[in-house]
Number of protein chains: 2
Amino acid sequence: MNEIAATGISVLLVDDHPIVRQGYRRVLESQGDLHVVAEADNAADAYSAFKARDPDVVVLDISMPGASGLEAIRNIRARSPRARILVFTMHNEAVLVKAAFSAGASGFVTKSSEPSAVVAAIRSVARGERAMSDDIAHILAEDSLSAGSALDQLGEREIEILRQFAGGATTEQIAAHLNLSVKTVQNYHYLIKTKTGARTDAQLVRLAATCGLTRI
Amino acid sequence: MNEIAATGISVLLVDDHPIVRQGYRRVLESQGDLHVVAEADNAADAYSAFKARDPDVVVLDISMPGASGLEAIRNIRARSPRARILVFTMHNEAVLVKAAFSAGASGFVTKSSEPSAVVAAIRSVARGERAMSDDIAHILAEDSLSAGSALDQLGEREIEILRQFAGGATTEQIAAHLNLSVKTVQNYHYLIKTKTGARTDAQLVRLAATCGLTRI
DNA sequence: GGCAGCTCGGGCAAATTTCCCAAGCCGGAT
DNA sequence: ATCCGGCTTGGGAAATTTGCCCGAGCTGCC
């Protein structure tokens, strides 16, 4: 069994920027009870490092090139349900946060957070608690009040139109393709925006991309 | 005159993430000859900190919220042509690199670089030399050979507006942010579309994403 | 000096967006 | 059976934006 109180907390650092990792390592190790036992710069290495060192907490940035960080979370959790994973990234969109938690993350902290908040989150996660930084809590709270900004509240037609739109199709092209009037497509477009809470077409495209509806 | 060899190199750190700054600070200070004399988390503070401490080198991330980092470079260089600025960011798009250098940066290093390469770049820049990481040199080399991407035909202002737009900002937000009239931003928006050949806002977002201008 | 290119914005017709509304259809609840 | 609610399809009208033209200031370059 783990003797965390006696031995401190072992941490696996996953981030694709070497100097960022080294900086974090120094910040964490200056705490005394936190020990970085391994590092990785991609999703695949993250899992092998996890297997090899069995750290108490995995601190990882989801925005890595190549395989998604979400993939890494799912990967680790699928094989080691005991794993505690703290997402540490600069992104702060509600969809991403929810995706991370449902992929199995135990915590979500933005890089805008104070170092003290980050180490506090690591300790919480190590104790098996859920942790998130204040800004993330705020964003999730707003999101839950705004009747949802995810796309699981969209109908099939709406999804299809959003996919084509985010793929770069014009309103006319979509209308022709689906045998609808331009007016109807315009109405869907508006409906999708209000349903998802996107204020801008660009936000819509980003939403579609982050939800895996379109690839870019 | 500066007695760098005797006193070491003083550094101003500019990055909007506190823990990232703290990490860098520790990495740099462990070198012995590098001293972080000030930090800033936005373009405005960066210049006042520069005035107050007159550091040998400014290490800054261009991707800060609010005013562009390019703006900050221009700002500092306009008032203190002696300033040495090392851009240190995760972006690695040729357009951005060229924009940074023409704004007055002395060096450009990506966060993918080894810490040793970063500190080497700081020392080079302090000596008045130009510095860039290997991956940046590679990208610039490729770029000079290729016929040029769609973004190459855009001016700096256009790039900045495209970045913010593709990031999800509304026209009003961009205008407020850059102190422009809404009409001017609309005109730039239209200009960018015609220059790049994008027929749709969604296509514009995709273009910005594939060129690395924005991350999704 | 002159030309070219970037930046900044006005103007105005045409197009789109933003809402509100109605009607048909269908599945589930009463 | 009936009613409710949600999806799909579109009309309408006001508000906004787009598309494109223009001029003016500024810089850098020949």
Side-chain angles (χ1 to χ4, degrees), chain A residues 146-166 168-205 207-208 213, chain B residues 67-68 70-71 73-75 77-79 81 95-96 98-104 148 150-166 168-205 207 213:
Chain A
S146 68
S149 63
L151 62 159
D152 34 71
Q153 51 200 324
L154 297 182
E156 231 171 90
R157 218 82 251 240
E158 291 159 341
I159 293 263
E160 183 55 33
I161 286 173
L162 173 56
R163 184 208 312 285
Q164 296 195 25
F165 170 75
T170 67
T171 302
E172 284 87 354
Q173 288 170 339
I174 299 174
H177 201 272
L178 298 179
N179 270 102
L180 296 175
S181 77
V182 168
K183 180 64 192 175
T184 299
V185 177
Q186 287 176 337
N187 277 336
Y188 271 116
H189 191 329
Y190 167 72
L191 237 190
I192 295 168
K193 277 211 260 187
T194 54
K195 275 192 181 183
T196 59
R199 336 232 307 86
T200 286
D201 283 354
Q203 291 176 13
L204 220 45
V205 175
L207 180 73
L213 201 51
Chain B
S68 149
L70 293 176
E71 210 75 48
I73 296 175
R74 237 173 273 113
N75 228 306
R77 292 280 301 192
R79 276 102 143 198
V95 250
L96 245 190
K98 290 194 281 193
F101 276 117
S102 74
L151 293 188
D152 278 353
Q153 46 197 327
L154 298 182
E156 246 173 67
R157 216 83 250 242
E158 290 158 343
I159 295 256
E160 182 58 33
I161 286 173
L162 173 56
R163 183 214 307 288
Q164 296 195 24
F165 168 75
T170 67
T171 303
E172 283 87 354
Q173 288 171 338
I174 298 174
H177 207 282
L178 298 178
N179 269 102
L180 295 176
S181 79
V182 168
K183 179 63 188 176
T184 299
V185 176
Q186 288 176 337
N187 277 336
Y188 272 116
H189 191 326
Y190 166 71
L191 241 189
I192 294 167
K193 276 212 261 187
T194 54
K195 276 192 180 181
T196 59
R199 319 189 79 282
T200 289
D201 283 354
Q203 291 177 13
L204 220 44
V205 175
L207 180 73
L213 240 196

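Chain identifiers are assigned alphabetically (A, B, ...) following the order of the sequence lines, protein sequences preceding nucleic acid strands; residue numbering begins at 1 within each chain.
Among the protein residues, A:Ser181 comes within range of the sugar-phosphate backbone only, with heavy atoms under 4.0 Å from sugar or phosphate atoms but none that close to a base. B:Glu172 comes within 4.0 angstrom of the backbone, heavy atoms only, and of no base.
Of the possible polar contacts, none joining the A:Gln173 side chain to the A:Ala169 backbone as a donor-acceptor pair under 3.5 Å is found. Checked by atom type and distance alone, the side chain of A:Glu158 never pairs as donor or acceptor with a backbone atom of A:Ile192 at under 3.5 Å.
The distance from atom CD1 of A:Ile192 to atom P of C:dT18 is 12 Å, rounded to the nearest whole Å. Taking atom CG on A:Leu191 and atom P on C:dC19, their separation rounds to 12 Å, with Å as the unit. The NZ-P distance, from A:Lys183 to C:dT17, rounds to 9 Å in whole Å. One can place CG of B:Leu178 at 11 Å from P of C:dT7, the figure rounded to the nearest angstrom. Following rounding to the nearest Å, A:Ile159 (CD1) and D:dC7 (C1') show an atom-to-atom distance of 13 Å. Straight-line distance from the CD atom of A:Gln186 to the P atom of D:dA13: 16 Å, rounded to whole Å. D:dT17 atom C1' lies 11 Å from atom NZ of A:Lys193, rounded to whole Å. Taking atom CD of residue A:Glu158 and atom P of nucleotide D:dT9, one finds them 10 Å apart after rounding to whole Å.
The nucleotide whose nearest atom lies closest to any side-chain atom of B:Tyr188 is, among C:dT7, D:dT8, D:dT18, C:dT7. Set against D:dG10, D:dT8, C:dC8, the side chain of B:Thr184 has C:dC8 as its closest nucleotide.
One finds a salt bridge joining A:Glu160 and A:Arg163 here, because a Lys/Arg side-chain nitrogen approaches an Asp/Glu carboxylate oxygen to under 4.0 Å.
Side chains of B:Thr171 and B:Phe165 form no contact here, defined as non-hydrogen atoms less than 4.5 Å apart. Side-chain contact between B:Ile174 and B:Leu178 is present, with at least one heavy-atom pair separated by less than 4.5 Å. Counting heavy atoms from C-beta on, the side chains of B:Asp201 and B:His189 come closer than 4.5 Å. Counting heavy atoms from C-beta outward, B:Val185 and B:Glu172 have side chains that stay 4.5 Å or more apart.
For B:Lys195 against C:dG5, no side-chain N or O and base N or O form a donor-acceptor pair under 3.5 Å.
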Practice prompt. Summarise protein proximity over nucleotides 21-30 of chain D in one line of letters, 5' to 3': B for base, S for sugar-phosphate only, - for none, counting protein heavy atoms closer than 4.0 Å.
Written response: ----------
